[in-house]
*Asks:* 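One structure coming up, written as structure tokens, with questions to follow.
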2 protein chains.
Amino acid sequence: MTALVFLDPDFSAGRIADDTAAQLSVLDQGVTRGDGIFESALYTRQVVRKLDAHLARLRVSAQVCDLRIPDEGAWRAAIETAVAEFDAATPCAEAVVKLVATRGSDETGVGTSWVMVSPAPELGRKQREAGVSVLLLDRGYDSTVAERAPWLLMGAKTLSYAVNMAALRHARKQGAEDVIFISSDGIVLEGPTSTVLLAHRDGDTKRLITPTLETGILPGTTQGAIFAAAKEAGWELGYGPLVPEHLMDAEGVWLVSSVRLLTPVNSLDGTPIARDAELHEELTAMVNAIE
Amino acid sequence: MTALVFLDPDFSAGRIADDTAAQLSVLDQGVTRGDGIFESALYTRQVVRKLDAHLARLRVSAQVCDLRIPDEGAWRAAIETAVAEFDAATPCAEAVVKLVATRGSDETGVGTSWVMVSPAPELGRKQREAGVSVLLLDRGYDSTVAERAPWLLMGAKTLSYAVNMAALRHARKQGAEDVIFISSDGIVLEGPTSTVLLAHRDGDTKRLITPTLETGILPGTTQGAIFAAAKEAGWELGYGPLVPEHLMDAEGVWLVSSVRLLTPVNSLDGTPIARDAELHEELTAMVNAIE
């Protein structure tokens, strides 16, 4: 069951809608042009995790895309209504709260915004336990493109995800489960739906590293929360540029995302990589403590 | 008025729907992931122009995206129903026939396909007469990416058009009207919604040139039809690689597309370029004769 609530000026707590009925116009530029933005948050133990960070990133995506979206209060109210609806119908341990805002139909100029809550996919929970085999795939862009070409919308989480989905399908056809994109100049970027982390251990020193945002990747809300927790715990933090050899040489590599959380990488292009159990356990505890 | 017809196995001529009502699920991956494909054809003088070429390119887009779409007969039947509906309600000189096929919602695995017919935008007709000022913008990809990275879906006309729309908004903010994308290695690619043509005159010889498809651009159905007509008329034909200097040095540069047809480029990055009136007239006659 999916709980669906539209943001609507006439309904201060959002307008509850039937997710099994048609709700969108075929003229909406969300579908005709993939012209809109989204966020996916985890709803667990009665809390939408990192909601502030998701709303902040939604706002940045809207700015990058010149999109007018409802104010934060309207989003919070609609989210509250949607999780209450969801809990009443389908209480479950982990759910996805998806926020979507499109440019609406050409004719009205008014955007369409909604909140959906649905059970978290089973696959994500399995991969969190078992880890994933990863293919390194060229993203086509070089690592300096974001700065010189803002019209490429790097750093915005848009609805135009066809390439991300195609990369995942390509990986599955090759027998792999996920993807890490590499820039055309050989720099590690991100997964199609995740941020890359790697860790090193050097005596008592533990170091957590993620690609630099200057590469044009999406700022990961989960990466941000883990980094804050790791800093508290005395880890050293580092930011790329990273190359694939850094991934091969790490004590552990993970794909992190809001819903799937911390997923260990088992292999890169078929070559097994290190999985330090203690580092994994410590990071998992940090992820589970995110609010 | 928009005529809307869904492709539906239960309706051999397509299922007529009300375009002013909601018709799509918020779970459709066409909107949640920009995961689908489309075509835009011109309907004028009772003919959907280049329908075979549009259906062929739709098929290629579907293959590139691993998308199962209805067979050609179902598309033709739905198009016939949609244009009849449109003519009955809003006869007009030029209309757009849009074909869309999405991956559908996650849960069903069944795609959603429809045909829309609506009046052609007034702006396109104006620009066809007056020409457009064009900004050259970096597309981020190098010109060899298509061959090495099929997961980037180069050559497929997907619904993930957010970058194309952002490039047009960027150009308008700079006071320009359209865009020609340049690869990161300096090769002329295409417009966000058009193919680039340039022409030269050398004594009695006329030469028509377009960027090579090896750059990963979309094969233009209008470019294809013009090239066929120009060959008949004794023109020489050429295929890039082209660099911006080739555009500056041409006797004429045009953006061509199915609906806007042949739009002359007046300037590139603010610098006026040649507009050979005779070449333009001859090409316009060819475009108007396309069936």
*Asks:* Around atom CZ of B/Arg148, are there more than 12 heavy atoms of other residues, nucleotides or ligands at under 6.0 Å?
*Replies:* yes

*Asks:* Should the pair B/Tyr141 and A/Tyr141 be assigned to parallel (<30°), tilted (30 to 60°) or perpendicular (>60°) ring geometry?
*Replies:* parallel

*Asks:* Counting only non-hydrogen atoms closer than 4.5 Å, does B/Arg139 touch chain A with its backbone (N, CA, C, O), its side chain (CB onward), both, or neither?
*Replies:* both

*Asks:* On a heavy-atom basis, which atom in B/Leu159 and which in A/Thr32 lie closest, and how many Å separate them?
*Replies:* CD2-O, 3.9 Å

*Asks:* Which atoms of B/Leu168 come close to chain A, meaning under 4.5 Å heavy atom to heavy atom: side chain ones, backbone ones, both, or neither?
*Replies:* neither

*Asks:* Please name the pair of heavy atoms, one in A/Ala162 and one in B/Gly34, separated by the smallest distance, quoted to 0.1 Å.
*Replies:* CB-O, 3.6 Å

*Asks:* Do you know which of B/Val163, B/Asp138, B/Asp142 has the most heavy-atom pairs with chain A at a distance under 4.5 angstrom?
*Replies:* B/Asp138

*Asks:* Would you say the side chain of A/Met165 lies within less than 4.5 Å of the side chain of B/Ser160, judging by non-hydrogen atoms?
*Replies:* no

*Asks:* Let's test your reading of the structure: which of A/Leu152, A/Asn164, A/Thr158 forms the most heavy-atom pairs below 4.5 Å with chain B?
*Replies:* A/Leu152

*Asks:* For a 4.5 angstrom cut-off between non-hydrogen side-chain atoms, does A/Trp151 reach B/Leu137?
*Replies:* yes

*Asks:* Sort out for me which of B/Gln23, B/Arg169, B/His170 touches chain A most, counting heavy-atom pairs under 4.5 Å.
*Replies:* B/Arg169

*Asks:* Enter the distance from B/Thr20:OG1 to A/Leu27:CG here, rounded to the nearest 0.5 Å.
*Replies:* 9.5 Å

*Asks:* Could you tell me which portion of B/Val26 (side chain, backbone, both or neither) has an atom closer than 4.5 angstrom to a non-hydrogen atom of chain A?
*Replies:* both

*Asks:* So for atom CD, which belongs to A/Gln174, do other residues, nucleotides or ligands contribute more than 12 heavy atoms lying within a distance under 6.0 Å?
*Replies:* yes

*Asks:* With a sphere of 6.0 Å drawn around CD of B/Glu94, does it hold more than 12 non-hydrogen atoms of other residues, nucleotides or ligands?
*Replies:* yes

*Asks:* For A/Val31, which atoms come within 4.5 Å of any heavy atom of chain B: side chain, backbone, both, or neither?
*Replies:* both

*Asks:* Quick one: what part of A/Lys157 sits under 4.5 Å from any heavy atom of chain B, side chain, backbone, both or neither?
*Replies:* neither

*Asks:* Does the pair A/Arg172 and B/Asp66 meet the rule for a salt bridge (charged side-chain N to carboxylate O under 4.0 Å, His left out), with working shown?
*Replies:* CA-CA 13 Å; A/Arg172 283 170 200 144; B/Asp66 288 321; over 6 Å; no

*Asks:* So which part of B/Val145 gets closer than 4.5 Å to some heavy atom of chain A, the side chain, the backbone, both or neither?
*Replies:* side chain

